[in-house]
Every structure is written in C-alpha cells, then in structure tokens.
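This report concerns only the one structure given below.
So that the names make sense, note that chain A is the first sequence line, chain B the second, and so on, each numbered from 1.
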Amino acid sequence: MSLRLEHLNPEQLAAVTLPDEHALVLAGAGSGKTRVLTTRIAWLVKNGLVSPQAILAVTFTNKAAREMLTRVTAMLPVNPRGMWIGTFHGLANRLLRAHHREASLPQAFQILDSQDQLGAVKRLLKALNVDEDRFPPREVQQFINSQKEEGVRPGEAALADERARRLIELYTAYDEQCQREGVVDFAELLLRSYELFARNEILREHYASRFRHVLVDEFQDTNRLQYRWLKLLAARGACYFAVGDDDQSIYTFRGARPGNMADFEREFKVRKVIRLEQNYRSHGNILDAANALISNNRNRLGKNLWTASGAGEPLRVFEGQSDGDEARWIVEETRSLAREGTPLSRVAVLYRSNAQSRVIEHALFSQSVPYRVYGGLRFFERAEVKHALAYLRLVASPGDDNSFLRVVNFPARGIGARTIEQLQDAARARGVSLFEAAEGKAGAFRNLIEEMRAGTEGLPLKEIVEAVVAKSGLLEHYKAEREGADRVENLGELVNAAAAFSEEEREAESGEVVEPLTAFLTHAALEAGEHQAGEGQEALQLMTVHSAKGLEFDAVFLTGLEEGLFPHEQSVTERDGLEEERRLAYVAITRARERLYLSHAQTRMLHGQTRYNVPSRFLEELPEGLLKWLTPRFAGQRAREARFSAAQAWHAPRKKEPSFARSRDVGGFRVGQNVLHPKFGSGVIVDAEGQGTDARVQVNFGSQGVKWLAVAVAKLQAA
DNA sequence: TACTTTGTCCTTTTT
DNA sequence: GGACAAAGTA
C-alpha cells in the first residue's frame, strides 16, 4: 500500500513526481519502466492531484494492461475504478459501444480478427471477380490496414497509379461490405473512434475535459493513427506522459512509427526528456554487448545503458554443424543449467522465425526436456472454437456473412459451393444478408440459428454457449471423429471460459451495459487467449524474439544467428530493414540476466532444402573480449571460404553468388548498405552487378521506388 | 457434394 | 516441412 518512493533512483523519481507538464521518458531495457508508469499513476491519485476518473493509461497488450492495473491497485488504498486503463483497441471498443449510434454502428457489432478479415477480403475479391494473382488477398488486406493506420479513408488516398486506384476501389468496397454486415476490423476500431471525436464536438469536449492525465506505454510502437487518436481524445489541457524506447522499436513493419517520439517532443514542447539508463536486469558483459551492437544503428535518439552489477560471465558462442547439432547442444546446456540450479522456467530459447522451433522441439522432446512454446495457435483461434464462435455471432448478429459462410455447411449439411453461390447472388440482388436470403436447405440452417436465439434468450451466458455448442452439431461431429478428442475438450473449455467471464470483466472491457453474449464475443476477438494451459509449469520457454519483448530470463539462448535468417533476408530489401533487425537482436540480448548463449549453424533445413549459412554480421559486431567461443571461431566459414577460393582458382564461377555468401564490394558499395542519393534521398542497396566502371547497384528508396543506378554516374554516397 | 491429391508459397505479428 | 487452394475422383 505504500509508494516506496525511496527505492527509486533520481531519474525514476523525477519521472514519477513530475509536476503538471508533458513528459517524454526514454526508458531503456530493464530500467524499471512499468514501475515508473504505475508509481506515477498512484502518486498522482494519492496526492490528490487528480481523481481516478481523470486518468487514461494506454498500452498495447492485454497482458501489459492487466499488469498495470494490478500494480496500481496494490499501491492505492481505494479500488481504482473509474480509471481508464486498457489497450488502444479495448478502449476504442469501449467508446464505440457507448456511442454506437453516433458512430453509425449496431450495438452488437462484431470484431474481425486478422484471420476473419482475410476471409472477408477473399470473399470480396471473389464477388467482384478480381484476379487473385494480380491482387493477392493478403496484399489487399495489408493495403487496407496500412491506409487505416495512417488515418486515410478511400476518398483521401493518393491515386499514384492505376494499381493504387484499383486498390482504393477495393478498399471502398471492403468498407461497404463491413458496414453492411455490422463488423469492424482492428484498425477500424481505432479509425472509427477517432472520427467519432473528430466530427462530434460535444463528445470530444466531454472526454477532453474528463481526462487530465494521459499515460502511454511503449510509445515507440504507436502508429500515426494512434498518436492522433491520443491527441484528440484528451485535447484540452491534459498532461501527456509518454514512455518508450526507440531502440526497442521492432514493429515498424506493422506501421509503428518511432518517429512519433520526436514529433511528440516537438509538438508538445517537452521541456526535458527524462532518460532511464540504469539497467537493473543484466550483468555488465551482456549490457556491453547490447550497447556495442545497437551503436551500429544511425537512427537513434541516443542512450547508453549501464549497470551497477558486475561484469558477470562472458557470452558463450557456439557454432553447430547443422540445425540439429545446434538443437542437441541446447538440450545439453539446458540440462547442465538445470543441474546447476537454474529452473527451466527461467531459461528461454529465442529464434527469429517460428519455423525454427520445430528442430529444437524435436530434440527437446526426444530427450524428455519439458518445454513450452509461446505464440502459435491461441485458444480463440482454434478452428473448432472459431466455429462455435461463428454460431454465437450469428445468434447475436445475423448479418455477419463471414460467420454464416464459416458454418452454414459445418458440420456438413449438404449445402455445397453451388448452393452457396446462388444464395450469394440472391442476397446481392436483394441487398440483404445471406442469413436473410436463405431458403431451402440454407433456410433450414437459418431456422436452426433462429431456434438457438429464441431458445437461449435471457439465459445466463454459460448456458447460451452450452446450448449453441450442442445444438450446432459441433460436439457430435467431433465426438464421432477419431482424432476429435482435443477438439471436444476445447469446446468444453469454451463453455468454461463463458462461465468464468465475469461481470467485472464485462464492465472493464465494454464500459456501459452491453449484452453478455456480445461482451463475451468482443472479449474473444480482442483477447485471443494467450494464457494457455501449462502456464507456470517447470518448462523451458521457447518463443520468437518478438514475443520475448518485455520479458526477462536468467539464461537466454539466442539461436540461428546467421545471415539470411537473422538478419532476415527479406529485411535487407526493406528501407531501414537492417536497423530494425539489429534492434530485434538488441531486444533479444537484453532479455538475459546472467547468462547469454549465442549460436549459429553451418547448415540448416529451410523450406525443405539444405541451406549453407554464414554467421550473422551481428555476431561480428559484438566486442571479441566479451565472447567465449565454445567452438573454434567461425570454423565452418573459414573452411568453406578456403574451399570456395580454391574452387574459384580452377573454375570460373558458374552462377551468381550463392545466397550464403555475403556480397563483395561493387564499386565501393555492397548489398544491404544504406546510401544517400541527392534526388531520391536515403535508400538501401538490394542488388548489385558488374565491376569497375560497369558496376551497377539496385537501390530501394522506399516511397521513391526501386532503381538501378550506375555507380560511376550516380552521385551515391554511403549513409 | 465430399473427400483426396497435387502444386504453390513462404518473416516477425501486441490488437 | 506444412498450410492452403485448386484440381481430381467417387
């Protein structure tokens, strides 16, 4: 119940007790960021500087929001009811439910997750006879989302070329389809609530005078729309407290804009940027390695972490002959760690992409080492659960064509592709939903849904879900299936989840009174159910570097440190892609408290074929003095280079350089290098050919396009 | 209509 | 190696 301000360092204390003014806090990894944020909220309330209702605290993940709420509650004598603490999407949902009429939405609007959204796009493309080779559904989805995340509606989008024009048409049609069906995607939640405020002065005034303190976590991950949303929601006289770390920005590929931090500092005339640079997590050598690595990035606000704890052990580096070799080594090391007394649950194996987990899992499984994989399929994303949810959504909101199509013939009811096509034509002609247009066999399905609704009206949530799961035939279907036991169990879990979905959760997520079923469906969409079985068990933790952000472990294995994998080959062709990969490696390194293992393999199976990889440049960027090689340094690479040059002496190279070799200089430049051009600005070299005066490089200038340039002619300079 | 077989494509993903 | 969609078969 105490604030314990005496345990804060001077910078933390300054941030917590800052008077009424805007603040930007640059909080390095492990510097006590969450603590500062929560203590500040408690400090504001406790000193009577502000009432709980006037506080708005925004995070990105449900987990972070929960953690914040728990910590604040523990520090305050009163229940922090009335505070708005939540995710961007959770809060946007809350606003839209409360003001659904002003936002032109049905009260029971359904939320599309990414999977649902892709389904909706595919359906749209089919209906409009769009060639899916020319406009791949994923690309269209990506286009729509990136426009929305920039706050751009179809009418305002730039008509750069014919293709853009067509994409915008599809964007328009997609929005119309969603509106017709009463559904809203993730980006739309934000954009719609933003527009609600932009247009409705009364509402804007209401909220603007309510919120006096706005606190934002992980500010480097906000996109343009989220930043504008924040500015609009609490415009008048509120104090903004933004916490972030530009070095941990790893989501620009999804529209995150770390530049918002600099914009914030300028636009809000932040007087003093507070830097939290003391790290309480890692030993010195680990931190030195992280600092050395990240210093290779040019686009930084600048910050250097330090620690009062000792240097600790050197970083251990291992080179495997193969990915299997690497995996076996991990198994051995985790076992000896366990013998030395490090609990498995405090050890993590990190990798760049999910595909890498398979080999490691195989090795762990065969040696009976308990492990837990994070990410992957989450509870509410499982097929059988999605099916059950689709029935529930139809009960709550019959206009939801996505859900209709998902389950109209599941379990099979003899409604095939032709029947559905006819139904879609009929519905389109009449301008009604599939549900409304259903007749014949599909009409029987419609009756089934209507019976479900009539039969469950007014029942407690748990009983509604139970009845729908049974009546839909899903339970029966999976019981009859030989491998269906897990699925039957998950349907049971869904009923349990409904039973556990409490009054309070409902209020916390939706604010005003919303029908229990709608609230539950919202919960399922916004919180896909990360807390899975096996949590807290004594098991080794496996996850991608992305999902490790925000976590810490006694020992960390950072695996697959190879060119093409980490940094990922596709990142080289992206603008500033390499810097983001380096930040990713920085995040990975700073997860470790006491011991850090770095590993790479000479060969690796990828996409069903063997690839020969060169050690990652990130390994070479670490100071040699911090490393301890468990295998001879880059032995495999040296041997290969010797073979390669010997072979070259005898034969002319038959084809282009294989993917494992890092390109040599071409007229003083190399692939992956950042360059500056007087006209096109900054870019990155993605390909190169020729030598001497013939040397040409292909450069990606981002929005300026991708161009081939002759090195001898173009005024290129290294950036 | 419903199930099986073949050919394509691969990052990361808080919501 | 595995997910997904289109094409093939009963």
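For A:N145 and B:dT15, the shortest distance from a side-chain N or O to OP1 or OP2 is not below 4.0 Å. Distances shown here put every side-chain N or O of A:N354 at or beyond 4.0 Å from the OP1 or OP2 atom of C:dG2. Contact between the side-chain N/O atoms of A:T419 and the OP1/OP2 oxygens of B:dT1 is found at a separation under 4.0 Å. In this model, the phosphate group of B:dT15 is approached by a side-chain N or O of A:R378 to a distance below 4.0 Å at OP1 or OP2. Remark: A:K122 is in phosphate contact with C:dA5, judged by side-chain N or O atoms under 4.0 Å from OP1 or OP2. Residue A:N62 has a polar side-chain atom (N or O) positioned under 4.0 Å from OP1 or OP2 of B:dT15. In terms of phosphate contacts, A:T59 brings no side-chain nitrogen or oxygen within less than 4.0 Å of OP1 or OP2 of B:dT14.
Straight-line distance from the CG atom of A:L526 to the C1' atom of B:dT14: 12 Å, rounded to whole Å. Distance, A:D217 CG to B:dT14 P: 16 Å, rounded to whole Å. Distance, A:Q117 CD to B:dT13 P: 18 Å, rounded to whole Å. Remark: C1' of B:dT15 and CG of A:L191 are 15 Å apart, rounded to the nearest angstrom. Following rounding to the nearest Å, A:F410 (CZ) and B:dA2 (P) show an atom-to-atom distance of 12 Å. Separating the CD atom of A:E562 from the P atom of B:dT11 is a distance of 17 Å, rounded to the nearest angstrom. Rounded to an integer number of Å, the gap from A:F219 CZ to B:dT14 C1' is 16 Å. In this structure, CE of A:M543 is placed 13 Å from P of B:dT14, rounded to the nearest angstrom.
Partners of A:R228 by salt bridge (charged side-chain N to carboxylate O under 4.0 Å, His left out), not counting sequence neighbours: none found. In this view, A:H387 and A:F410 satisfy the ring pair (Phe, Tyr, Trp, His ring centres under 6.0 Å) rule, not counting sequence neighbours.
Stacking between A:H546 and B:dT13 is absent: the aromatic ring centre is not both under 5.5 angstrom from the base six-membered ring centre and within 30 degrees in plane angle. Ring-base stacking between A:Y251 and B:dT13 is not satisfied when judged by a centre separation under 5.5 Å and a plane angle under 30°. With centroids closer than 5.5 Å and planes inclined by less than 30 degrees as the test, A:H568 and the base of B:dT11 pass as a stacked pair.
B:dT12: no Watson-Crick or G-U partner with both key distances under 3.5 Å is found in any strand. For B:dG7, the paired base is C:dC4 (Watson-Crick or G-U wobble, both distances below 3.5 Å).
Partner of A:L405 under the side-chain contact (heavy atoms from CB on, under 4.5 Å) criterion, out of A:L423, A:L434, A:D400: A:L434 alone.
For A:D221, whose side chain is taken as the heavy atoms from C-beta onward, the closest listed nucleotide among B:dT12, B:dT15, B:dT14 is B:dT14. Closest contact between the side chain of A:H607 and the listed nucleotides C:dG1, B:dT15, B:dA2 involves C:dG1. Of the candidates C:dG1, B:dT11, B:dT15, the closest approach to any side-chain atom of A:R254 belongs to B:dT15. Comparing B:dA2, B:dT14, B:dT12 by their nearest atom to the side chain of A:S353 picks out B:dT12.
Summary of the strand contacts: A:F186 and A:I415 both lie near DNA chain B, and taking for each the nucleotide with the nearest heavy atom, the more 5' one is attributed to A:I415. Positionally, the nearest nucleotide of DNA chain B for A:G416 lies more toward the 5' end than for the other of A:G416 and A:E580.
For B:dT8, the base is anti relative to its sugar; the glycosidic angle deviates from 0 by more than 90°.
Between the side chain of A:R352 and the base of B:dT12, at least one donor-acceptor pair of N or O atoms lies under 3.5 Å.
Within the nucleic acid shown, A:A525 has no heavy atom closer than 4.0 Å to any nucleic acid atom. Nucleic acid contact class of A:E581 (heavy atoms, under 4.0 Å, all strands): base. Across all strands shown, A:S547 has heavy atoms under 4.0 Å from sugar-phosphate atoms exclusively, and none from any base.
More than 12 heavy atoms of other shown residues, nucleotides or ligands fall within 6.0 angstrom of atom CZ in A:F253. The 12-atom threshold is exceeded at CD of A:Q115, counting heavy atoms of other residues, nucleotides or ligands nearer than 6.0 Å.
Once rounded to the nearest 0.5 Å, the distance linking CZ of A:R583 with CG of A:N297 reads 6.0 Å.
Within the cation-pi definition used here (under 6.0 Å to the ring centroid, within 45° of the axis), A:K441 does not qualify as a partner of A:F445.
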